Amino acid sequence: MDFDVFDPGFRADPYPTYARFRNDDPVHRGRPPTPGEHTADWWYLFRYADVADVLRDARFGRAIAPALDRPPPPVPPEEREPFWDMYAHWTLALEPPEHTRQRALLNRAFTARVVEALRPRIAARAAALLDELAPRGRFDVVADYAFPLTLSVIMELIGIPQRDQERVKAWSLTIAAVLDYKRTWDVMAEGNRMTNEFTACLAAIVAERRARPRDDLITRLLSVGSDEEQLGEEELISLCVMLLFAGHETTVNLISVGACLLLEHSEQRALFMARPDLTDAAIDEVLRLHSPIQATTRIAYTDVEINDRPIRRGESVTLLLGSANRDPATFPNPDRFDITRRPNRHLAFGRGIHYCLGAPLAVAQGGIALRLLHERCHIWQPAAAPVWSETFGFRGLQTFHIEEKGSKY
Ligand code: HEM
């Protein structure tokens, strides 16, 4: 069996392929998901139990160095890429003890109280967007609603002025393209250009906050930790880029796919409207059924056997979160959209030490955005079939046009 992540049929609808591999070849050895990748030894895991185990297993990690006998040779200056230099600071790229230190600092700056304080502002922003969109009678949930809402919320959280929205929007799209498994040299060059511009913009904001502190994440990150623990300037700026990206693209997909699923399942929509207590459960079910991050990769730090298949030290293992979340061994009737599903221990936010830092914000934002959309537009319908993105690692909608009929206002 060949697992081809570039096959257009697979990209259009990955779930039948996932089901076949979960049954027939759940620990699959295949071709790398990134063209030109240096190694041909690549593994794919499709079952929930295997994916969940590897996410928590310290014998697998994100960094290449622990899988090598000696440190990798330094990259010559002329070959250094600003994007990857910046990415090297991201929490997701680190291993303990650096990961533990950085994650603890982030946890102290990005608390549950911070998310609670954002709730009214998310609601106000969503309501303002709907005030503008509803009278139009038709709009694109992705470009007109989910995208601007999540962008302004994450910019406000970090402390990037709203006047920079257009630039930040373009940068966010570039990061998504670089981090998708199918990047090209042109995309990479754009990513390096973007990194220089974005980091310069953030450096100016950091300088301003040092002089005049405000109630935002940059200000809090400047002050958390003892002198030895504190984030360096380059690290702090890299983390802001990470948060911008991590908190934006994924949440756009959650909101637009959630709107689409509720619209396609009228009985689930009626339940969602009648039972505000099911809001968080509905968000979990959207995330399970169409996980915005479909795949994440780990490197084996030692030889490991999974289901009698030998994975060698240094080999890469791609974990199909989107497949794990539809595994019938864990989720009865896995293809069914059921907002009352209990338990729903999906892996859309990962598991283990890299468990999503922004999960509470994503759930809060998704719930507020979907509830307001449905309250404002009590009768509405798709104006055209939703268009799914053609990417592999990140899954979501490119466009989803809806028409409103009989708005309450
Ligand atoms: C629906 C929305 C979201 C989804 C589906 C999502 C999914 C994920 C997943 C799967 C991981 C783990 C990846 C791995 O282990 O390889 C992760 C990590 C992370 N996420 Fe999210 N995320 C979302 C929203 C957010 C938001 C809103 C933020 C921040 C504002 C955020 C920040 C992070 C960070 C910083 C990490 C790395 C944590 C670490 O390495 O310790 N995410 N996310």
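We count ligands from 1, going down the list as the structure has it; atoms in each ligand are counted the same way. Source: prediction; values computed, not measured.
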Option with minimal heavy-atom separation from [atom], where the choices are [options]:
{"atom": "atom 8 (C) of ligand 1", "options": "Ile293, Leu243, Asn253", "value": "Ile293"}
{"atom": "atom 41 (O) of ligand 1", "options": "Glu249, His99, Gln365", "value": "His99"}
{"atom": "atom 23 (C) of ligand 1", "options": "Thr150, Val114, Thr250", "value": "Thr250"}
{"atom": "atom 5 (C) of ligand 1", "options": "Gly366, Ala362, Ala348, Ala246", "value": "Ala348"}
{"atom": "atom 31 (C) of ligand 1", "options": "Ser291, Gly358, Gly352, Gly350", "value": "Gly358"}

Taking all atoms of both residues into account, what is the closest heavy-atom pair of Arg313 and Pro66, and its distance?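 For Arg313 and Pro66, the tightest heavy-atom pair comes out as NH2-O, 3.4 Å.
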Please find the pair of heavy atoms, one from Pro26 and one from Asn307, that lie closest to each other, and give the distance.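 Taking every non-hydrogen atom into account, CG-ND2, 4.4 Å.
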How about [X] and [Y]: are their ring centroids closer than 6.0 Å?
{"X": "Tyr15", "Y": "Phe10", "result": "no"}
{"X": "Phe400", "Y": "Phe139", "result": "no"}
{"X": "Phe21", "Y": "Tyr44", "result": "no"}

Can you pull out the closest protein heavy atom to [atom]? Residue, atom name and distance to 0.1 Å, please.
{"atom": "atom 27 (C) of ligand 1", "value": "Gly247 CA, 3.3 Å"}
{"atom": "atom 42 (N) of ligand 1", "value": "Cys356 SG, 3.0 Å"}
{"atom": "atom 14 (C) of ligand 1", "value": "Arg298 NH2, 3.4 Å"}
{"atom": "atom 35 (C) of ligand 1", "value": "Met242 CE, 3.4 Å"}
{"atom": "atom 38 (C) of ligand 1", "value": "Arg103 NH1, 3.3 Å"}
{"atom": "atom 6 (C) of ligand 1", "value": "Phe349 CD2, 3.7 Å"}
{"atom": "atom 13 (C) of ligand 1", "value": "Leu92 CD1, 3.8 Å"}
{"atom": "atom 34 (C) of ligand 1", "value": "Leu357 CB, 3.8 Å"}

With a 4.0 Å cut-off on N to O distance, would you call Asp327 and Arg47 a salt bridge?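 No, Asp327 and Arg47 are not salt-bridged.
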Determine, for Arg31 against Asp2, whether the closest basic-nitrogen to carboxylate-oxygen distance falls under 4.0 angstrom.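 Counted as a salt bridge, because a side-chain N and a carboxylate O are separated by less than 4.0 Å.
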Which of the atoms in ligand 1, numbered in the order shown and given with their element, are less than 4.0 Å from a heavy-atom of [X]?
{"X": "Ile353", "answer": "41 (O)"}
{"X": "Arg62", "answer": "16 (O)"}
{"X": "Ile154", "answer": "30 (C)"}
{"X": "Leu287", "answer": "1 (C)"}
{"X": "Thr296", "answer": "14 (C), 16 (O)"}

Could you list the residues that satisfy side-chain contact (heavy atoms from CB on, under 4.5 Å) with Val363, not counting sequence neighbours?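 If we apply the side-chain contact (heavy atoms from CB on, under 4.5 Å) test to Val363, skipping adjacent residues, the hits are Asp280, Ile283, Phe349.
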Side chain, backbone, both or neither: which applies to Trp90 and ligand 1 if a contact is any heavy-atom pair less than 4.0 Å apart?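 The answer is neither; Trp90 stays 4.0 Å or more away.
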Ligand 1 versus His354: contacting region, heavy-atom distance under 4.0 Å: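 For His354, backbone and side-chain atoms both sit under 4.0 Å from ligand 1.
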Residue list, side-chain hydrogen bond (donor to acceptor under 3.5 Å, both in side chains) with Arg56, at least two apart or on another chain: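 Result, side-chain hydrogen bond (donor to acceptor under 3.5 Å, both in side chains) vs Arg56: Asp53.
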Should Cys201 and Ile205 count as side-chain neighbours, where that means a heavy-atom distance under 4.5 Å?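 When only atoms from C-beta onward are counted, Ile205 and Cys201 do touch, with a gap below 4.5 Å.
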Got Arg341 and Phe331 here, is their nearest side-chain heavy-atom distance under 4.5 Å?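 In short, these two side chains touch, coming nearer than 4.5 Å.
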Does any N or O in the side chain of His374 come within less than 3.5 Å of the main-chain N or O of Leu370, such that one atom is a donor and the other an acceptor?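 Yes, because the side chain of His374 sits within donor-acceptor range (under 3.5 Å) of the backbone of Leu370.
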